[in-house]
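Convention: sequence-line order gives letters A, B, ...; per-chain numbering from 1.
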Protein chains: 2
Amino acid sequence: MKALKKLNIIHYDSEFLSRNGFKYLVTDSGEFRLIGSFEDKAEFLKTINAEYPNVVVFDFTSKDSLTSADIEKIREARKSPGFLVISNNFKKETICEFMDCGVECFVTKACSKDEILLAIKAAAKGERFFCNKVLEFIIDKSFQKKEDCEPTKLTTREIEILKLSAEGLDAKEIADKLFLSLHTVYTHRKNIMKKLNLKSNSELIKYAYKNNIVST
Amino acid sequence: MKALKKLNIIHYDSEFLSRNGFKYLVTDSGEFRLIGSFEDKAEFLKTINAEYPNVVVFDFTSKDSLTSADIEKIREARKSPGFLVISNNFKKETICEFMDCGVECFVTKACSKDEILLAIKAAAKGERFFCNKVLEFIIDKSFQKKEDCEPTKLTTREIEILKLSAEGLDAKEIADKLFLSLHTVYTHRKNIMKKLNLKSNSELIKYAYKNNIVST
DNA sequence: TTTTTATTTAGACTAAATATAAATAATAGG
DNA sequence: CCTATTATTTATATTTAGTCTAAATAAAAA
């Protein structure tokens, strides 16, 4: 069937309000066909494989969110749809992760109707679209970093110790908790600070909060 | 029961998705009449004074959110409507502030349709309703506190030092910055910890972040 | 004025952290 | 399988940071 070819959109968000707000948005404009707005991930993924969406829209902070592995699977299965994240609470790491696996567009839920519509169309064409807030966020947060999106890599043990530090535990408590020598904790912390270019335990804790390594 | 009298609801949220999701929610159920779902605060407040809402629903993290002063003004003007906050990113202080000025119900945007409907009805009757997430939050966060919602009052100097600590400055740097003796800084910090019942500089920094004394 | 609260400081002492060095454990690459 | 690398662990000696006790000064409240 020729006629005017509407863009097929599929949506996944655990928030009721967002699902219905989105439903209203895309159906009202008349330019799109909404395949569905899903709360359940399994059902959502099944429908993607049955229908042929041009654009996949999702909130990556949903309860049982899409992972980058999910996205890659979708990409592999067919001609890749465009991906658009509509969310709040963007975290640097998460944005990077999804950018790396090919998600084109990111907007916040605070964005205007027009901006969201623009983002959908951009995603359909495989173009990038970041709303100002996301953009600001990326620029701001990637200030101190070098080239890539990843912060200097910490080992699992180092991250563990960083987290506990940010929880307010001192070196001794961490040592007790992890059954380590106090010296070990100091050494790890020293290495963390070296890798992240920090100069005190306070800065380390600050880093953990600013970079969402612990929840606020 | 006057079966025909629908509850009048008015809604204020800067997020497009939420406004439309909410619109759908309340109109679909047939139990309510939605006076309007507003993006603009002035317009919203004007409409409240013109119409007679039974329930006022709003997101207190909106761009130009309702203040507790606004709420009080609405309360004074007429028989008080019920108030329901639908939001994410609850902060302890904000919840307390709005509870103090008489807001009955709090739910998150992640709540189910049914829960939101329950909350609306509770607000209309002047009853309290907290969703589980908000409840958890309140219980968790008010653990270490005494009676009131306010954290133990710190002096201006103490807050100043708390902030600088959270920024990652050590005692010496704070002393230099404020032209104080190192001992003075230690004393202030000791007093802060005593007042807040904290036992280390790390916990102090954690406290600052958890309580939004510094921005994340 | 007297009392309380806030702010400031010091000396003696204690706990925490660093620098340096190095030994295992685990892992990746050939 | 062996080896180079990385991760994890620990210790000693030394330095630095922080606490305890005590108290002076200033400002604000009673």
Task: Phosphate-side-chain proximity, B/Thr155 and C/dT7, N/O vs OP1/OP2 below 4.0 Å - done: yes
TODO: State whether a side-chain donor-acceptor pair under 3.5 Å links B/Asn88 with B/Thr108.
DONE: no
TODO: Round to a whole Å and report the spacing from CD1 of A/Ile159 to C1' of D/dT6.
DONE: 15 Å
Open item on the list: Within the 4.0 Å limit for protein heavy atoms, which parts of nucleotides 24-30 of chain D are touched? Write it as a string from 5' to 3', B for base, S for sugar-phosphate only, - for none.
Closed with: -------
Task: Minimum heavy-atom distance between A/Arg75 and A/Val103, given as atom pair plus value - done: NH2-N, 3.9 Å
Open item on the list: Distance check needed: D/dA17 C1' versus B/Ile174 CD1, whole Å only.
Closed with: 13 Å
Task: Sugar-phosphate or base contact per nucleotide [nucleotides 9-19 of chain C; S, B, -; heavy atom under 4.0 Å] - done: BBB----SBBS
TODO: Establish, with yes or no, whether the OP1 or OP2 oxygen of C/dA6 is under 4.0 angstrom from a side-chain nitrogen or oxygen of B/Thr156.
DONE: no
TODO: Starting from P on D/dT6, measure out to CD on A/Glu158 and report it in whole angstrom.
DONE: 13 Å
Task: Any pair counted as ring-ring contact (aromatic ring centres under 6.0 Å, His included), so long as it reaches residues 55-74 of chain B, sequence neighbours left out - done: B/Phe58-B/Phe98, B/Phe60-B/Phe90, B/Phe60-B/Phe98
TODO: Measure from CZ on A/Arg157 to C1' on C/dA25 and round the result to the nearest Å.
DONE: 13 Å
- [ ] Could you tell me the separation between the NZ atom of B/Lys194 and the P atom of C/dT5, rounded to a whole number of Å?
- [x] 13 Å
Open item on the list: According to ring-ring contact (aromatic ring centres under 6.0 Å, His included), who are the partners of A/Phe83, at least two apart in sequence or on a separate chain?
Closed with: none
Open item on the list: Could you report the tightest heavy-atom contact between A/Glu104 and A/Pro81, atom names first, then the distance?
Closed with: OE2-O, 4.3 Å
TODO: Would you name the heavy atoms of A/Ile192 and A/Leu162 that are closest together and state the gap between them?
DONE: CD1-N, 4.1 Å
Task: Spacing between A/Ile161 atom CD1 and D/dT8 atom C1', to the nearest angstrom - done: 9 Å
Open item on the list: According to side chain to side chain contact (heavy atoms under 4.5 Å, CB included), who are the partners of B/Asn49, at least two apart in sequence or on a separate chain?
Closed with: B/Ala77, B/Arg78
Open item on the list: If I take atom CD1 in residue A/Ile192 and atom P in nucleotide D/dT8, what distance separates them, rounded to the nearest angstrom?
Closed with: 10 Å
- [ ] Give a yes or no on whether a salt bridge exists between A/Glu51 and A/Arg33, defined as a side-chain N under 4.0 angstrom from a carboxylate O.
- [x] yes
Open item on the list: Show every side chain to side chain donor-acceptor pair (under 3.5 Å) that has at least one partner inside residues 155-166 of chain B, sequence neighbours left out.
Closed with: B/Thr155-B/Glu158, B/Arg157-B/Glu160, B/Glu158-B/Lys195
